[in-house]
Each structure stands twice: as C-alpha cells, then as structure tokens.
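Quick notes on the structure that follows.
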Amino acid sequence: MDKIEVEGVNDLKGNIQISGSKNSSLPILASSLLIDEEIVISNVPNLSDVIFMIKILKSLDSEVNFKNSICKIKSNQPHDLKVSYELVRKMRASFLILGPLLTKYGYAEVSLPGGCAIGTRPVDLHISALEKMGAEFIVKDGYIKGKVKGRLKGCEITLKKISVGATENIIMAGTLAEGETIIKNAACEPEISDLSNFLNNAGAEIRGHGTNIIKINGKKKLRGCQFSVMPDRIEAGTFALCVMGCSGNLILENVNDLICNHLKKIFKPLNVLSLNKNDSGDKLEIKKTNQFQQNIIISTKEFPGFPTDLQAQLIASMTKSSGKSVIKENIFENRFMHVSELRRMGANLKQKGSKIIINGVKEIYGAEVMATDLRASSSLIIAGLMASGKTIINRVYHLDRGYENLEEKLRNCGVKIRRFSE
Ligand code: EPZ
C-alpha cells in the first residue's frame with residue numbers, strides 16, 4: 001500500500017493549477033446515462049472516484065474514453081440494469097445512477113451503499129422522492145430494486161433535510177419525467193448548478209438551481225453536447241488552509257469568480273488570510289497576513305456556509321496557535337476520524353459531541369499516521385506541512401479519491417514530499 005512522507009515547511013510559495021471538481025464530475029458522469037448521443041466533458045480530474053464512476057458506466061454498456069482530462073461518453077441501452085455491491089460499496093456517489101436509470105429505462109437494481117467512515121449516510125430522501133414520482137422499490141439481499149410503470153411523473157417534492165445527492169438524483173430523474181418536478185428545500189451547492197448547466201446544454205429545462213427551489217420541466221429526449229466541469233472549490237480551500245497552517249504565498253490558477261468569492265467569505269472570520277483575485281477571477285493569490293488568534297467558533301453548514309468538506313483541514317491548520325477555538329460539525333454525525341491522528345502529532349483537541357475544542361500549541365511533531373477518509377487524509381497532509389520533522393501517512397488511497405497530483409503540486413511550492421510503498 002502506498003504511503004506519503006512529507007517534511008514540515010515554514011513557507012509555501014508557488015503557483016497551483018486547481019483541477020476540475022470531483023463533486024461536479026461524478027453527478028455529471030452519472031447523468032450521461034440520460035443521453036443517447038455522444039457527450040464530451042472537459043476538465044474532468046483524474047481521480048480514483050472518477051475512474052470508479054467510469055467503471056460503473058462501462059458495466060452499464062456505456063462507451064467511455066477518458067484521456068488528458070477529457071471524457072467522451074456514448075451511453076447505450078444496458079443489457080443488465082443491475083449494479084453490483086462490489087462496485088457500489090466502494091463509492092457512495094454510485095447511488096447517483098438510480099435516478100437516471102429509472103427515468104430512462106424504468107428499472108434499476110443498485111446495491112444499497114454501505115456506511116462509510118463519516119457516518120451511516122442513509123438514502124431515504126432519494127427513495128421517498130423517487131417513490132413520489134411513481135417509482136416502486138423493494139429492498140432484497142442488500143439491493144434496492146426500483147421499477148416504473150411507464151414514465152416517472154413530475155411532482156412537488158419538499159426534502160425534509162437538505163441533501164446534495166438527493167437533489168441531484170431528483171433533478172436527473174425529472175429531466176425525462178412527464179410534466180414538471182419542483183424540488184423545495186433543495187441543496188444550493190455550486191456543483192448542483194454545474195450539473196444543471198450541463199443538462200440544460202443537453203436540452204433539459206432546469207431553473208432555479210443554486211437556490212432552494214428548483215424546477216425541472218421533463219423532456220422526451222436529451223441530446224449530445226460538450227461541457228467543461230467547474231474547478232474544485234474544496235481542493236482550492238484545502239490549499240488556502242495549507243497557507244493558513246504554514247504561512248507563505250500561493251497563487252491558485254484555473255479557479256473562477258464563484259470560488260474566489262466563496263473562499264473569501266468562509267475564511268473572513270478567521271482574520272488570517274488575504275485572498276486577492278485577478279480581474280478575470282481565474283487566479284487567486286492567498287497570503288497569510290496575521291498570526292492566527294484563536295477564540296473563534298466555526299460551524300459547518302450547507303452552501304454558502306463553511307463546507308463540511310473543509311472541516312478536517314481547518315482543524316489541522318488551527319492546531320499550532322494560541323488560545324482556544326471551537327469547530328462544530330453540523331452535517332455528518334461522525335466526521336472526526338482525523339482528530340485522534342492529529343492528537344498523535346501533539347495537537348490538543350477535545351471532542352464534545354459534535355464539537356471539537358482546539359487548545360492551540362506551540363509545536364506539533366511529525367509522526368506515522370493513518371488516513372481514514374478523503375478529507376481526513378488531506379488534514380494529515382496539512383499537519384505534516386506544519387510539523388517539525390517528517391510525517392508518514394498510511395492508506396493514501398483515501399487521498400487519491402479526491403486530490404489530483406497532490407504531491408507534484410506541493411513539490412512545486414517547495415515541499416519535500418514523496419510517495420513510496422512498503
Ligand atoms: C455530497 O455527499 C458530497 N459528495 C460530500 O462530499 C459532501 O460532504 C456532502 O454532499 C455534503 O456537502 C459528492 O458530492 C459526491 P448529503 P452526499 O446527501 O450527497 C443526510 C467529499 O469529501 N442524508 O448532502 O452524500 C446525510 O447522512 C464528500 O468530497 C439523509 O439523512 O451528502 C448527511 O448527514 C464527502 N438521507 C446529510 O444528509 C439521505 O437520503 C447531508 O448529506 C441523504 C442524506
């Protein structure tokens with residue numbers, strides 16, 4: 001199994017190309033099942049989660065060619081509408097093929113996604129919404145089998161809890177449903193807008209994406225098109241937190257206005273970073289202006305709040321400082337797997353229910369640590385950059401799910417980092 005060894009640095013300096021968004025690419029790839037003609041999607045990051053979604057599409061007889069960030073897909077009528085446990089258990093986002101298969105082919109058999117390191121992560125909101133649109137489900141031997149008599153019917157759906165995945169599955173189901181689907185209490189994440197913009201390019205009629213009320217007018221058919229995936233705002237936020245932890249001056253390239261404004265907003269309460277975008281908004285300079293003063297409280301929230309996907313990285317970047325701060329995780333019930341590993345590096349962290357209390361320390365120390373999930377692994381990289389000495393991170397396959405060429409990007413900013421396997 002691969003490991004990464006990283007040495008502490010005092011200063012990060014350099015330019016970093018931000019890759020395309022994992023959390024936009026995955027639903028867009030899943031939505032290719034709705035379209036009979038060839039689609040060409042660019043700025044797709046070369047990540048293990050993306051490779052995995054492509055594997056699932058190929059198991060459903062799609063022809064997929066993925067090279068140099070460009071993904072060409074031609075989907076075909078699958079000979080078998082069952083997606084195996086083997087494929088689904090490894091990636092929860094596989095569940096995003098349910099809506100497309102049901103609305104396009106009237107049948108789908110998908111293994112229920114197992115829990116994962118960040119909680120049980122049920123799919124009840126996806127199922128109840130699709131049932132309301134006319135799908136009938138039975139759960140047997142860990143599989144959920146859905147079927148539809150005729151076409152799904154558009155209707156009004158109010159999500160009892162904001163869910164990115166459920167919003168995406170309903171949007172995709174609504175594109176080929178009969179009549180209009182209205183989603184209330186919809187998630188507003190930019191990745192949902194990216195998916196909607198892609199589908200509208202393919203002839204769908206989706207309005208209100210980016211707000212809590214989304215309307216989809218069902219069509220009989222969608223057409224082939226080209227589309228470029230938005231940049232990854234969580235990767236960009238991760239690098240900003242590297243600067244917060246270590247100091248320095250990074251220039252992120254291939255970003256966009258929305259990401260620049262979003263990062264400025266969420267990092268403002270920390271009063272440590274200056275973020276300056278260029279006129280076209282595709283470059284963002286990040287500098288550390290003050291020493292981090294603790295005594296702040298940050299709570300994770302749905303977009304446009306502080307993203308849960310940056311919570312682990314934020315905690316790592318706050319470990320070396322003075323004073324006491326509190327981070328509250330409101331989205332997932334168990335997203336603190338990184339805390340015990342950070343403690344092993346000398347961080348002073350206490351968990352109280354859904355809160356982590358951070359008592360800043362002067363120094364943290366390199367150690368051998370274990371990654372447990374995607375964002376926990378990037379928090380350990382940040383801690384390794386901040387630590388005295390060397391840190392070795394085990395199970396870096398977690399990192400490869402969501403960060404493209406991370407070692408190379410950090411090496412170009414003066415970091416001594418290497419990957420090896422034992
Ligand atoms: C998406 O996951 C992202 N993944 C996650 O990013 C992200 O953390 C999450 O949204 C929240 O922003 C992708 O986009 C591929 P949810 P998703 O449905 O859709 C509960 C990363 O690190 N819920 O918005 O699975 C759920 O348990 C990953 O890149 C139900 O109760 O998240 C959670 O508490 C991790 N019933 C909350 O809603 C349901 O049917 C939000 O989950 C569905 C969800």
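Order of appearance sets the numbers: ligands from 1, and atoms from 1 within every ligand. Just so you know, residue 1 is the first one in the sequence shown, and it goes up from there.
For N23, a nitrogen or oxygen atom sits less than 3.5 Å from a nitrogen or oxygen atom of ligand 1, counting backbone and side chain alike. The shortest N/O to N/O separation between I331 and ligand 1 falls below 3.5 Å. Of the N or O atoms in D309, one or more lie within a sub-3.5 Å distance of an N or O in ligand 1. The distance criterion of under 3.5 Å between nitrogen or oxygen atoms is met by G165 with respect to ligand 1. Every N/O-N/O distance between T308 and ligand 1 stays at or above 3.5 Å. Considering backbone and side-chain atoms alike, L374 places every N or O at 3.5 Å or more from each N or O of ligand 1. Taking only nitrogen or oxygen atoms, main chain and side chain alike, E189 does not reach within less than 3.5 Å of ligand 1. Residue L125 places at least one N or O, backbone or side chain, under 3.5 Å from an N or O of ligand 1.
Although no hydrogens or angles enter the test, the distance criterion places a donor-acceptor pair under 3.5 Å between the side chain of Q311 and the main chain of R335. A donor-acceptor contact shorter than 3.5 Å links the side chain of E404 to the backbone of N46. Listed for the N412 side chain is no donor-acceptor partner under 3.5 Å among the backbone atoms of N15. The backbone N or O of I417 lies less than 3.5 Å from a partner atom in the side chain of R411, making a donor-acceptor pair. Remark: side-chain polar atoms of D282 are not paired, donor with acceptor, to backbone N or O of N256 under 3.5 angstrom.
Atoms of ligand 1 found under 4.0 Å from any heavy atom of V123, numbered from 1 in the order shown, are 39 (C), 40 (O). Which parts of ligand 1 touch R375 is read off a 4.0 Å heavy-atom cut-off, strictly below it: atoms 21 (C), 22 (O), 29 (O). Which parts of ligand 1 touch H126 is read off a 4.0 Å heavy-atom cut-off, strictly below it: atoms 40 (O). Atoms of ligand 1 lying under 4.0 Å from at least one heavy atom of K22, given by number and element, are 21 (C), 29 (O).
In this structure, R335 has a heavy atom closer than 4.0 Å to ligand 1. Ligand 1 lies less than 4.0 angstrom from a heavy atom belonging to P122.
The closest heavy-atom contact to atom 38 (O) of ligand 1, among the options K161, M53, M91, comes from K161. Taking all heavy atoms of F303, F95, F332 into account, the minimum distance to atom 32 (O) of ligand 1 is reached by F332.
Atom CG in L12 sits 7.0 Å away from atom CG in L410 (nearest 0.5 Å).
Considering all non-hydrogen atoms of both residues, S32 and S75 come closest at O-OG, 3.4 Å.
Side chains of N76 and K74: a donor on one and an acceptor on the other come within 3.5 Å. Side-chain polar atoms of Q226 and S42 form no donor-acceptor pair below 3.5 angstrom. Inspection of the N359 and K324 side chains reveals no N or O donor paired with an N or O acceptor under 3.5 Å.
When non-hydrogen atoms are compared, ligand 1 lies under 4.0 Å from neither the backbone nor the side chain of E191.
The existence of a salt bridge linking E86 and K55 is excluded, since no basic side-chain nitrogen approaches an acidic carboxylate oxygen closer than 4.0 Å.
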